Structure formats: C-alpha cells, structure tokens
Amino acid sequence: MANNLLKGKRGIITGALDENSIAWHVAERAYAEGATFTLTNAPIAMRMGKINELAKACNTEIIPADATSVEDLEKLYSQSMELLGGKIDFVLHSIGMSPNIRKGKPYGDLNYDWYQKSIDISALSFHKMMHVAEKLNAMNEWGSVVGLSYIAAQKTFPFYTDMADAKAVLESIARGFGYRYGKAKKVRVNTISQSPTKTTAGSGIDGFSAFADFADKMSPLGNASAADCANYCVFLFSDLSRMITMQNLYHDGGYSSTGISEEVIEMFKA
Ligand code: NAI
C-alpha cells in the first residue's frame, strides 16, 4: 500500500542490475511512494542488466557512473539535479563487488590488487558519493543517505572473505560522514545490515544458498526479503525517520540477536 511517504522527494538510486537486486525493489517502492529519482550503475552493468526496463517503469533516466570515479559521481549529481529539477533528498548506495570472491580466493590467499578493488567499489565509493554531494552542495537539509551492509562486518563468516572488511569500512564511513554531514547540513547517514538475499552479488558467494537457509532457520521472523528491505529504505528516506543517523540498523528477522533457534537444535539431534 502506498502512502505518498516520499512525495516531493528527489533521489539517486544505485545498484539496480535486474529484478532480484535490492535496489530494483527500492526503486519500485520509492516510485510508488511518490518519489522522483535517477537510476545509476557502472557502465559495464548497462550491458548485462535490465536497468532500462526499470527506468521505463519508474518514468526516469539512467546516468551511468562508476562509483569509484569521483569525476563520474560529479556528473551523476549535477545531471540528477538538472533532470529532477532541484537538490537531492535521498541516496541509496547498493553497490558491492569482490573480485577475490568472484575468483574463489580464500581469505588467507587474497590478491591484494583485487582486495583494494573490493574496498574501493564496496566501501570507499560510499565516502566518495557523500564527499561529492557535499562539495557540490547537492543535498537538501534533512536528506537521507543509506548504504547496504551485512553482519559479516561484526562476526566472522569465512566465505565472506574481503567483503567482510569492506562492510566494516562501509559502516565506519556511515558514522564518520554521518557526524560531519549531520553537523553541516542535517543530512542523515545510515547502513542497513540485511539478511542474505538471493541476488547476483549474493549468489556469487560460495555456499550462499545453504547459508541463506541456515539464517532463515535461525531468525524468528525468517530472512528479510529484498521487498522488505525496500520498505525499510523508504522509511529511512522519509521524514518519519528524521532523527536516525550514524546507525547500522539490523534488518534480519532477528538473526543478529539469536544465539540458537529450536529449528537448528533439531538439526543436530541424533
Ligand atoms: P546486485 O548484484 O544486484 O547489486 C550490486 C550492484 O553493484 C550491481 O548492480 C552492480 O552493477 C553494482 N556495481 C558493482 N560495481 C560497481 C561500480 N564500480 N560502480 C557502480 N556500481 C557497481 O546485488 P545486491 O545483493 O542487490 O547488492 C546490493 C547491496 O546489498 C550490496 O552492497 C551488497 O553487498 C548488499 N547486501 C547484499 C546481501 C545479499 O545477500 N544479497 C546481504 C546484505 C547486504
């Protein structure tokens, strides 16, 4: 049900590749709630994904940008403001990629060039997006910036390798920039720590499906879906959450606070 929660708000949504992407769901929900926004993704993703379909459905345009390039991000903000007719109220950072995970490198044998790529793409791009927004004075007061994280930032999940380090950096940037941007412009910055979700990025992780099932059995509410995550993003973009900032917010059906569940105990009974 739509309630016009984002009526009159302008945004930038990164990371929609196909209909499984969390960002795809966020775009559909934000559109239903009355927002206008631009879509963006890495130029290479334009060829692989279906983002054109989404742009059509949301009556908007795509501005290609490699999120590791400050120059691309400058164009992204200035073209978005021009297209949308004013400053930006919300930004979704939904970007993650680890060449080490893609190529099956274990944590003890990482390729360090790829490691730097993982951190640059998945974490420093969050800093760059806010740095550029601040420099161009592109955000309205009480605007909201949301990044997507995973609990491997706090606890070890061996298969998550260097992405765990990238997520820890991402969450730290939310605090660092959240303080700065809050003082300067009353802009809010948060990360959502989301349940395992079947998407292109998620499924690239070895053993993902088994782990997603385990997380589902551990969580009293079950895993949060991409559609649930989209609802949470809309809430964080809206004025209903205006005093929430510098937080890493678990959106995981209770997983992060559960030691063990009855279902998992059953699995180990002889
Ligand atoms: P996805 O694969 O649909 O989205 C990742 C996006 O990052 C893609 O659209 C890709 O093109 C984009 N991207 C990669 N390199 C880029 C670059 N240099 N510049 C701009 N964009 C670039 O997968 P998903 O799962 O929707 O991922 C979105 C976010 O959610 C990521 O930060 C991911 O780590 C996070 N997340 C995902 C979970 C999952 O289980 N799927 C769980 C918790 C967090």
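Each ligand, and each atom within it, is numbered from 1 in the order the structure gives. In this text the structure is predicted, and so the values were computed from the model without any measurement.
Note: an N/O pair closer than 3.5 Å links I22 and ligand 1 by distance alone. Backbone and side-chain nitrogen or oxygen atoms of A201 are examined, and one is located within less than 3.5 angstrom of a nitrogen or oxygen of ligand 1. When only interatomic distances are considered, the shortest N/O to N/O separation between T197 and ligand 1 falls below 3.5 Å. For ligand 1, the polar-atom distance check against K167 finds a nitrogen or oxygen pair separated by under 3.5 Å. Remark: ligand 1 and S149 share no N or O pair separated by less than 3.5 Å (distance only, no angle test).
Those atoms of ligand 1 that come under 4.0 Å of a heavy atom in A65, given as number and element, are 19 (N), 20 (C). Under a 4.0 Å criterion applied to the non-hydrogen atoms of D66, ligand 1 contributes the atoms 17 (C), 18 (N), 19 (N). Under a 4.0 Å criterion applied to the non-hydrogen atoms of Y150, ligand 1 contributes the atoms 43 (C). Taking every non-hydrogen atom of I121 and a distance limit under 4.0 Å, the qualifying atoms of ligand 1 come out as 15 (N), 16 (C). Taking every heavy atom of A45 and a limit of under 4.0 angstrom, the matching atoms of ligand 1 come to 11 (O). Interface of L148 with ligand 1, defined as ligand atoms under 4.0 Å from a residue heavy atom, comprises 29 (C), 30 (O), 32 (O), 35 (C). For ligand 1, the atoms lying closer than 4.0 Å to a non-hydrogen atom of S195 are 40 (O), 42 (C). In the vicinity of P196, heavy-atom distances shorter than 4.0 Å reach the ligand 1 atoms 40 (O).
Here S122 has no heavy atoms under 4.0 Å from ligand 1, in either its backbone or its side chain.
Not a single heavy atom of W24 sits less than 4.0 Å from an atom of ligand 1.
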